[in-house]
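No experiment lies behind these values; they were computed from the predicted model shown.
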Amino acid sequence: MARSRAAARVIEHPGVEDLSIQQVLEALVDPARRTVVCRLARADTHLSCGSFDLPISRSTSTHHFNVLRQAGLLRQYYVGTTKMNALRTEELEHRFPGLLTAVISATNTESTTPD
């Protein structure tokens, strides 16, 4: 059955009570996904998937956004045909206090430290 053009696209997100530290940490292992998380943390607004200049293919980028969403790090929603991304900062802080802040801080320190 075809979807009605007027039907809203609904993206499933795990509830905060369903987030596991294992899945969150596994999602944050990949440098491309950490880049997305850090960029969203610095942004003063939600960002579209296309606004990230990642050195990977579009399909791989889609996979990384899905992993972040399924791990509970991102909230995604549509504005027209554009998929927007928001970091679930408050929910993650409530579930795993200090974790996201520590990961972002360590990633920023690592990227500014010369080899």
Side-chain angles (χ1 to χ4, degrees):
M1 187 161 117
R3 183 173 53 159
S4 164
R5 287 187 184 262
R9 291 177 169 177
V10 177
I11 301 173
E12 297 292 323
H13 298 87
V16 69
E17 67 282 355
D18 297 323
L19 302 181
S20 78
I21 190 71
Q22 182 74 28
Q23 194 169 15
V24 169
L25 291 175
E26 286 175 2
L28 292 169
V29 163
D30 188 274
R33 293 193 288 258
R34 281 196 314 275
T35 297
V36 168
V37 168
C38 289
R39 176 124 185 262
L40 283 167
R42 286 191 312 268
D44 58 354
T45 187
H46 301 169
L47 300 172
S48 69
C49 292
S51 69
F52 292 86
D53 186 26
L54 301 172
I56 54 180
S57 71
R58 195 167 168 181
S59 63
T60 302
S61 177
T62 298
H63 165 74
H64 287 307
F65 280 101
N66 287 335
V67 169
L68 289 168
R69 179 180 46 77
Q70 291 166 354
L73 289 154
L74 298 183
R75 179 152 314 275
Q76 294 184 307
Y77 61 95
Y78 282 97
V79 175
T81 59
T82 302
K83 191 182 281 187
M84 300 299 292
N85 299 280
L87 199 55
R88 294 175 68 180
T89 309
E90 290 178 21
E91 293 164 288
L92 286 160
E93 183 61 26
H94 175 45
R95 179 76 169 145
F96 306 114
L99 176 66
L100 192 58
T101 302
V103 168
I104 291 167
S105 177
T107 301
N108 290 338
T109 299
E110 185 177 70
S111 66
T112 59
T113 304
D115 291 336

- Task: Decide yes or no for L25 and L99: does some side-chain heavy atom of the first lie under 4.5 Å from some side-chain heavy atom of the second?
- Result: yes
- Flag if over 12 foreign heavy atoms under 6.0 Å of CD, E17: yes
- Query: When rounded to the nearest 0.5 angstrom, what is the spacing between CD in E26 and CD in Q22?
  - Reply: 4.0 Å
- Item | Gap between atom NE2 of H64 and atom CZ of R69 - 0.5 Å precision | 14.5 Å
- Query: Are R33 and L73 side-chain neighbours, meaning at least one heavy-atom pair lies under 4.5 Å?
  - Reply: no
- Task: Taking the side chain as every heavy atom from C-beta outward, state whether R88 and P14 have any pair of such atoms under 4.5 Å apart.
- Result: yes
- So which heavy atom on G72 is nearest to which on L19, and how close? CA-CD2, 3.4 Å
- Between I11, V16, V10, which is the residue that forms a side chain to side chain contact (heavy atoms under 4.5 Å, CB included) with H13? I11
- Got a sec: does the CG of D53 have more than 12 other heavy atoms crowding it under 6.0 Å? no
- Query: Are any of the side-chain heavy atoms of R9 and Y77 separated by less than 4.5 Å?
  - Reply: no
- Linking I/L/V/M/F/W/Y whenever their side-chain heavy atoms sit closer than 4.5 Å, directly or via other members, would V103 and L40 fall into one cluster? yes
- Any side-chain heavy-atom pair of R95 and V24 under 4.5 Å: no
- I21 and F96 have their tightest heavy-atom pair at N-CZ, 3.4 Å
- Distance col, row M84:CE vs Y78:OH, nearest 0.5 angstrom, shows 12.5 Å
- Query: Any side-chain heavy atom of L100 within less than 4.5 Å of one from V37?
  - Reply: yes
- Query: If you measure from CD1 on I104 to CZ on R34, what distance do you get to the nearest 0.5 Å?
  - Reply: 11.5 Å
- Value for NE2 (H46) from NZ (K83), rounded to nearest 0.5 Å, stands at 15.5 Å
- Taking every heavy atom of S111 against every heavy atom of N108, the minimum-distance pair comes out as OG-O, 3.0 Å
- Task: Give a yes or no on whether the backbone of P31 and the side-chain of T35 come within a donor-acceptor separation of less than 3.5 Å.
- Result: yes
- Message: Test side-chain contact (heavy atoms from CB on, under 4.5 Å) on R39 and S51; report intermediate values, then the result.
- Response: CA-CA 10 Å; R39 176 124 185 262; S51 69; 4.1 Å; yes
- Would you give the length of the straight line joining atom CD of Q23 to atom CG of L28, rounded to the nearest 0.5 angstrom? 11.0 Å
- Message: Could you check whether S59 and T62, counting side-chain N and O atoms only, form a donor-acceptor pair closer than 3.5 Å?
- Response: no
- Query: Are the side chains of L54 and T60 in touch, meaning some heavy atoms are under 4.5 Å apart?
  - Reply: no
- Query: So do the side chains of N85 and F65 get within less than 4.5 Å of each other, counting heavy atoms only?
  - Reply: yes
- E93 (side chain) donor-acceptor with G98 (main chain) under 3.5 angstrom: yes
- Message: Under 4.5 Å between side-chain heavy atoms, counting indirect links through other Ile/Leu/Val/Met/Phe/Trp/Tyr residues: same cluster for L87 and F52 or not?
- Response: yes
- Query: Hey, is the main chain of S57 close enough, under 3.5 Å, to the side chain of S61 for a donor-acceptor pair?
  - Reply: no
- Consider only side-chain heavy atoms of I, L, V, M, F, W and Y, link residues closer than 4.5 Å, and tell whether L47 and L92 are in one cluster. yes
